[in-house]
Amino acid sequence: MISEKMQEALNEQVNKEFYSAYLYLAMSAYCSRIGLPGFSNWMRQQYEEESLHVTRMYDYILGQGSQVHLKKIIEPPKEYGTPLEIFEQTLEHEQFVTGCINELMGMAIKEQDYATQTFLQWYVTEQVEEESNVNDILAPLRMVGDDKGGLMMIDQQLLQRVPPAPIQPVQ
Ligand code: OFO
C-alpha cells in the first residue's frame, strides 16, 4: 500500500519518464535527419530504455493496488543543434531526472514507505549510470570539436549500442 500523495508523485514521474522517451525519440529523428545514423541509433536505444523505466514504475503503482493516471506528454523540441549540444541537453535532462528521483526518495523516507524506497533504489542507481554514460560521450565530443573525421568516428561507435535487456518485473 502506498499513500495517495505517493501515488500522485509516482504518476508524475511516469509522465516524466514518458517525456524522456519522447525526447530521445525526437532526438533520434533529428540525428537521422542531419545524417548521423550512430547518434540516431544511440538515442533510439535510449528511447527504448526510457520506455522500460515507464513500465517498471507503472507496474509498481498497479502492484500496490493504486491507480495509474496517464497524463498529457509535453511536445519535445524539433531542433537540437550540434552533436555536442545534443549531448549537453541530454546530460541536463538526466540531471533533472536525477533530481526528481531524489525528491521521490526523500518523500518515501519521510513517509517511512520502505517498499517504495526499495523500489526507487533501482532508479537511483540507474541515474548514476545514465549520467555517467552521457559524460562518457561528452568527453570525446568536446575533444573533437568541429572536426568532421572525429565526429564520424564517434558516430560509428554510437552505432554499436544495442537494445537494452528487459528489466526484471517488480515483485
Ligand atoms: Fe529514466 O532515466 Fe533517463 O530520463
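What you see is a predicted model; the values in this text were computed from it and never measured. Both ligands and their constituent atoms are indexed starting at 1 by order of listing. Worth knowing before you read on, the calculation uses all heavy atoms, side chains too, and leaves out hydrogens, waters and symmetry mates.
Residues satisfying the ring-ring contact (aromatic ring centres under 6.0 Å, His included) criterion with Phe87, sequence neighbours excluded, are Phe39, Trp42.
The line from CD of Gln156 to CG of Leu36 is 10.5 Å long, rounded to the nearest 0.5 Å.
Cluster annotation: Leu159 and Met27 are assigned to distinct hydrophobic clusters (Ile/Leu/Val/Met/Phe/Trp/Tyr, side-chain heavy-atom contacts under 4.5 Å, transitive). Taken together through direct or relayed side-chain contacts under 4.5 Å among Ile, Leu, Val, Met, Phe, Trp and Tyr, Leu104 and Val68 form part of one hydrophobic cluster.
Ring geometry, Tyr60 versus Phe119: the interplanar angle falls under 30°, so the pair is classed parallel (tilted spans 30 to 60°).
With Leu25 as the partner, the side chain to side chain contact (heavy atoms under 4.5 Å, CB included) test is satisfied by one option alone out of Gln46, Glu50, Glu48, Arg44: Arg44.
For atom 3 (Fe) of ligand 1, protein N, O or S atoms closer than 2.8 Å were enumerated as Glu50 OE2, Glu94 OE1, Glu94 OE2, Glu130 OE2, with waters left out.
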